[in-house]
Amino acid sequence: MKMPKTGRQWADVKTDLLERGNGDAKWREGKTAVYVFNAGDEIAAIQKEAYSAYMSENGLGPAAFPSLAQMEADVISMALDLLHGPAGSTGAMTSGGTDSITMAIKTARDFARANGQARESANIVLPQSAHLAFDKACQLMDIEVRRIALKTDGSFEADVDEMAAACGADTIMMVGSAPNFPHGIIDPITELGAVAERKNIWLHVDACVGGYFAPFARMNGVPVPAFDFEVPAVRSMSADLHKYGYAAKGASTVLFRSQELYEFMPFDFACWSGAPMKTPTLAGTRPGGAISAAWAVMNHLGVDGYRRLQGEVCATREKVEEAVKALGFEILGNPILGLIAFRHPKCNIFAIYGEMYRKGWFTSATIEPPSLHLMLSPRHSEFIDSYIEDLAASVKTVAGAEETKPAEEVEVRYS
């Protein structure tokens, strides 16, 4: 496409713009269980209005836009209050989970270097189920990634003993997830903390999915284990606001136990022709709308609002569990939040995925082991009966087919 020589009328451009989305996943109809976290029309309207109010402002300039600086500080303060941040804990907003994870690793690396460690090489130790963003960040920084197989007891949790054995003198970080993305399982953070404390290793908890879910689920009576700064060895956390915080994209938080640790994150540079500049995260320009929308949604919902929404998600997940078990599926581990993965002992799982895709469902699949995967939102409570009905039909189709579609013919990608 070339830029038009003469500009088009907005009405014409708008029509074209909206028509481009006709082939997209039908998330407004509840057909998507990945990418979008739908808390309803009211929250969507607040996101848009709050975002547009500060759409042109730039989080790069706190002196120019003290409003954004204060809103970001408020968001971090609310996050740390939820996640048992001790006195002196702090953090920053980022563009998403990958950004938060990258900055946590950079901070841990520089902290290690400042303390005489990992000068020539560095590595991080994490479970096989940890998010691939850790690999992306380590590739950028030339850090070795040591992925350790999960427990073999069917829990799909990190194997603490094997992770401990993989740590060495150049290990700058251990990682646990709360929960992990593939299976929705919270790793044994307290046990990982004991290892980290004994070995004096930085422990990071990736709560990109659960950071703004688990605290409210616990308030609702869900037996959520200790996973945050409540565990003394946890030095940093990543938690996404644009997931179960129901904020506009892209908004995440990277949090640190102390200001002393945080100080290893910002980039501060003066050796160029321009004015000295200090940026807290990877980004320079930071969209003001992402900050203002997160602040607005958090203040609008409050604790009671989040408890209600997360309660709806947990209730939907429980309904899914009961229904898929009746269809012969096995739940992976013991998911207690909004993610759930389930496999079938007889049917080709990717053939089932293909059948569901043809019925208009855009969800996820997990490779290890092959399973279907849902990341549920509050609005899914209105559509989950249709999903279950179509799933039953898909299982029947696959089970009754003389030949199921080979797994390699079904490409499952999320990019």
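All values below come from the heavy atoms of this structure, side chains included, with hydrogens, waters and symmetry mates left out. Note that the structure is predicted; figures quoted are calculated from it, not measured.
- Side chains of T316 and S381: no donor on one and acceptor on the other come within 3.5 Å.
- Using a distance-only test at 3.5 Å, with no hydrogens or angles considered, a donor-acceptor pair links the side chain of N38 to the main chain of G40.
- Nearest heavy-atom pair, F227 versus A178, reported as atom, atom and distance to 0.1 Å: CD1-CB, 3.7 Å.
- Taken to the nearest 0.5 Å, the CZ atom of F229 stands 11.5 Å off from the NE2 atom of H84.
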Can I get a per-line list of side-chain donor-acceptor pairs under 3.5 Å for residues 293-301, giving both atom names and the distance, sequence neighbours left out?
unit_1	atom_1	unit_2	atom_2	d
W295	NE1	D74	OD2	3.1
N299	ND2	W295	O	2.9
H300	NE2	E42	OE2	3.1

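- Residues H204 and S236 have side chains that bring a donor and an acceptor to within less than 3.5 angstrom of each other.
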| request: For the pair S258 and T90, evaluate side chain to side chain contact (heavy atoms under 4.5 Å, CB included) and give the outcome as yes or no after the intermediate values. | output: CA-CA 6 Å; S258 69; T90 188; over 6 Å; no

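- Formation of a donor-acceptor pair under 3.5 Å by the R343 side chain with backbone atoms of S371 is not found in this model.
- Side-chain N or O atoms of R109 include none that pairs as donor or acceptor with a backbone N or O of I172 at under 3.5 Å.
- Look at D385 and K319 and you find a salt bridge, because one of the NZ, NE, NH1 or NH2 atoms lies within 4.0 Å of a carboxylate O, short of that distance.
- In this structure, A158 and P127 approach most closely via the heavy-atom pair CB-CB, 3.7 Å.
- With hydrogens and angles ignored, the 3.5 Å screen pairs no side-chain donor or acceptor of R317 with any backbone N or O of L376.
- Checking T94 against T281 by side-chain atom types alone, no donor-acceptor pair falls below 3.5 Å.
- The aromatic rings of Y306 and Y246 sit parallel to each other, their planes meeting at less than 30°, with 60° as the upper class boundary.
- For the pair S377 and V313, the tightest heavy-atom approach, listed with the atom from each and the gap, is C-CG2, 3.7 Å.
- Residues V75 and M93 form a side-chain contact, since some pair of their non-hydrogen atoms from C-beta on lies under 4.5 Å apart.
- Residues H373 and F181 meet the side-chain proximity criterion, which asks for heavy atoms closer than 4.5 Å.
- Of the possible polar contacts, one joining the D99 side chain to the S95 backbone as a donor-acceptor pair under 3.5 Å is found.
- Here the two rings, on Y387 and H380, have centers that are 6.0 Å apart or farther.
- To the nearest 0.5 Å, atom CZ of residue R308 and atom CZ of residue F216 are 12.0 Å apart.
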| task | Please assess M174 against V195 for the test side chain to side chain contact (heavy atoms under 4.5 Å, CB included), listing each intermediate value before the final yes or no. | result | CA-CA 9 Å; M174 293 176 65; V195 173; 3.9 Å; yes

| Can you check side chain to side chain contact (heavy atoms under 4.5 Å, CB included) on V320 and F342, steps first, answer last? | CA-CA 10 Å; V320 170; F342 43 97; 4.3 Å; yes

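- Using a 4.0 Å cut-off between charged side-chain N and carboxylate O, E230 and R218 make a salt bridge.
- Formation of a donor-acceptor pair under 3.5 Å by the T253 side chain with backbone atoms of A239 is found in this model.
- Counting heavy atoms from C-beta outward, F350 and P370 have side chains that approach closer than 4.5 Å.
- In this model, a donor atom of one side chain and an acceptor atom of the other lie less than 3.5 Å apart for S252 and D240.
- Salt bridge annotation for R20-D16: present, with a cationic side-chain nitrogen under 4.0 angstrom from a carboxylate oxygen.
- Taking the six-membered ring where tryptophan is involved, the planes of F111 and W202 are perpendicular, since the angle between them exceeds 60° and thus also 30°.
- Under the 3.5 Å distance criterion, the side-chain polar atoms of H344 are left unmatched by any main-chain donor or acceptor of I349.
- For H131 and D206, the side-chain atoms include no donor-acceptor pair closer than 3.5 Å.
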| said: One pair to check against side chain to side chain contact (heavy atoms under 4.5 Å, CB included): Y262 and M265. What are the steps and the verdict? | reply: CA-CA 6 Å; Y262 170 90; M265 181 172 70; 3.3 Å; yes

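- Side-chain N or O atoms of R146 include none that pairs as donor or acceptor with a backbone N or O of T171 at under 3.5 Å.
- Between I352 and F329, the closest side-chain pair of non-hydrogen atoms falls below 4.5 Å.
- The backbone N or O of V234 lies less than 3.5 Å from a partner atom in the side chain of R257, making a donor-acceptor pair.
- No side-chain donor-acceptor contact under 3.5 Å links K278 to the backbone of F269.
- The pair R28-D41 does not meet the salt-bridge criterion, since no charged nitrogen lies less than 4.0 angstrom from a carboxylate oxygen.
- Residue D24 holds its CG atom at 15.5 Å from NZ of K31, rounded to the nearest 0.5 Å.
- Between E312 and R379 there is no salt bridge, since no side-chain N of the basic residue sits under 4.0 Å from a carboxylate O of the acidic one.
- Contact check on K359 versus E355 returns no salt bridge, with no Lys/Arg side-chain nitrogen under 4.0 Å from an Asp/Glu carboxylate oxygen.
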